[in-house]
Amino acid sequence: MRKLFTVILSATIAIGGTTFLSEHASANQQLKNKINEVHGKRKELNKEVQQKKNEINQLENEQAKVNAEIKKLDLAVAETAERIRKKEAEIKTTKAEIDKLAFKIKELQIKIAKRDEALKTRVLSVQESGGVVSYLDVLLGAKSFGDFIDRANAISIIVQQDKDILQAHINDKQALEDMKKEQQAKLAKLEQIRAELKTDQETLIAQKGQKEKLMAELKEKEQQIEEEMLDKAEEAEILRRQEAAYKKLYQQWLEEQRRIQEAKQRGEKPPVTDGTFMRPANGPITSNFGQRWGKLHAGVDIGKRGSEVPVVAAADGIVFRSYYSSSYGNVVFVSHNINGKMYTTVYAHLESRSVSEGQAVKKGDLLGYMGNTGRSYGAHLHFEIHEGAWNASKSNAVNPKKYINF
């Protein structure tokens, strides 16, 4: 009987496994095909790299000088922009301290003015009553020795109170002078920070001017160059890391399908997924997807309309490339698995990057800030969506407006 039960149970598990595999065979095969596709392209590319190695070596020296100068300027711009952000914050803090100090000074001035009036009234009263003589009259008017002692104690208390009031008055006036000096020092510091900020802003303008001049010279020499052009070594490295990211997403997908199947067997609801992309940054579209300069512009450009514009992940995924590219500048590549379908998004020309390679990101997570790095002719975000793997020919690139309402 136990043997029969074991046979039936084994058959049931086998049937269940077959059902699971048949249900997900299509999506499973699609993921495997994408991995094989990237792997195949890497093999083809490696052959091209070997065939054109001499040609690349000849171009490297000339391009390296231009790329190094662009990178140097991009790093300088980012450093200056960060200094400006810190100084603006410091100005804000110092102004708040000055305002607080001004409020305290005003309060103390009112307090001193009121005490001045009280002291004037006291002096007039003493003068009218005869001053010290009136105190003697009080003492001499005592009717008994005990009365004399009481009157002497009372006069002593009044005299001490007068001394305390005068000392407090002196102390407050000194505190007022100290506060005014502190206020002047902070105002001087504020002016110094503002002067430094102005210098940094002028430096930033000059650095950006140098970048624009360099890019203008580069554009004159290479009329047909595209902002997303990559050399073969970069392309090979991107494909290698993309293949690794796809394998990781594939394993995650298998695990998710296993959990879904187990949930179904337990009668639970499958997890709710959201397959939409979100806008990666705020700003107007300054260049659309399509032909430009005789070649495909494989994404959209979002213009910069603020001092610092954050760039976020358009969907959940894995960062498989985050680095400085001679063409893309500071760029982040993210692989996505949305409902069993693979996508790749690209975020180029960032001023700075906030994520590292291999990092998992959620939709809306900060990737960096919009900038003008690499082969860029003005501050903007170049954003691409690929249905499947990224490749240098951009054959999988689609118009982001297909998924996002800009």
Side-chain angles (χ1 to χ4, degrees), residues 31 34-35 38-39 42 71 74-75 78-79 81-82 85 228 230 233-257 259 271 273-282 298-299 302 308-371 373-374 380-392 396-397 400 403-404:
L31 291 170
K34 291 297 180 186
I35 294 171
V38 175
H39 188 70
R42 280 186 61 208
K71 184 175 182 179
D74 286 339
L75 290 172
E79 184 179 340
E82 181 62 24
R85 277 194 286 269
E228 58 282 284
L230 302 171
E234 279 189 291
E235 184 183 346
E237 185 62 14
I238 289 171
L239 290 174
R240 183 184 74 79
R241 299 191 187 211
Q242 184 170 233
E243 182 180 349
Y246 273 8
K247 287 179 179 178
K248 188 173 181 180
L249 285 171
Y250 176 65
Q251 292 301 319
Q252 289 178 350
W253 180 84
L254 285 178
E255 183 60 30
E256 179 64 22
Q257 295 306 312
R259 286 198 298 269
T273 59
D274 182 2
T276 59
F277 289 93
M278 69 174 285
R279 186 187 182 96
N282 287 324
I302 301 174
E308 51 181 36
V309 180
V311 175
V312 301
D316 295 359
I318 294 174
V319 176
F320 69 87
R321 201 76 173 98
S322 175
Y323 74 118
Y324 181 90
S325 161
S326 59
S327 53
Y328 276 135
N330 281 316
V331 61
V332 174
F333 288 75
V334 182
S335 287
H336 311 273
N337 178 2
I338 302 176
N339 297 329
K341 185 173 180 180
M342 307 301 283
Y343 297 87
T344 306
T345 53
V346 182
Y347 312 78
H349 308 308
L350 303 176
E351 179 187 283
S352 57
R353 292 170 283 113
S354 304
V355 290
S356 54
E357 294 173 2
Q359 182 177 336
V361 292
K362 292 291 184 182
K363 183 166 67 173
D365 281 357
L366 181 68
L367 302 180
Y369 289 92
M370 194 182 292
T373 56
H380 70 286
L381 171 68
H382 174 76
F383 174 64
E384 299 175 8
I385 295 181
H386 300 257
E387 291 180 340
W390 176 93
N391 59 68
N396 292 332
Y403 294 99
I404 301 170

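Just the heavy atoms: all of them, side chains too, but no hydrogens, waters or symmetry mates, feed the values below.
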Nearest heavy-atom pair of [X] and [Y]: which atoms, and what distance?
X	Y	answer
Leu381	Leu350	CD1-CD2, 3.9 Å
His336	Gly317	ND1-CA, 3.9 Å
Asp316	Lys363	OD1-N, 2.7 Å
Gly388	Asn396	C-ND2, 4.2 Å
Gly329	Thr373	CA-OG1, 3.5 Å
Lys71	Tyr324	CA-OH, 3.2 Å

Looking at [Y], is its backbone amide N or carbonyl O close enough to the side chain of [X] to form a donor-acceptor pair, meaning the two atoms are under 3.5 Å apart?
X	Y	result
Gln242	Ser335	no
Tyr347	Met370	no
Ser322	Val332	no
His349	Tyr328	yes
Gln359	Ser356	yes

So, do [X] and [Y] sit near enough that their side-chain heavy atoms are less than 4.5 Å apart?
X	Y	answer
Val319	Phe333	no
Arg321	Val334	no
Arg353	Tyr369	no
Val355	Val361	yes
Ile404	Ile385	yes

Once you round to the nearest 0.5 Å, how far does [atom1] of [X] lie from [atom2] of [Y]?
X	Y	atom1	atom2	value
Phe320	Glu237	CZ	CD	10.5 Å
Glu243	Lys248	CD	NZ	15.0 Å
Glu79	Leu75	CD	CG	8.5 Å
Ser352	Leu366	OG	CG	8.0 Å

Short N-O contact, Glu351 and Arg85, less than 4.0 angstrom: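 Yes, this pair counts.
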
Any side-chain donor-acceptor pair under 3.5 Å between [X] and [Y]?
X	Y	result
Gln251	Tyr246	no
Glu387	Tyr403	yes
Tyr343	Thr345	no

Worked verdict on Val331 versus His382 for side chain to side chain contact (heavy atoms under 4.5 Å, CB included): CA-CA 9 Å; Val331 61; His382 174 76; over 6 Å; no

Side chain to side chain contact (heavy atoms under 4.5 Å, CB included) assessment of His380 paired with Ile302: CA-CA 5 Å; His380 70 286; Ile302 301 174; over 6 Å; no

Lys/Arg cation over aromatic Phe383: Arg279, 6.0 Å, 45° cone: no

Over 12 non-hydrogen atoms of neighbours within 6.0 angstrom of CG in Asn282: no

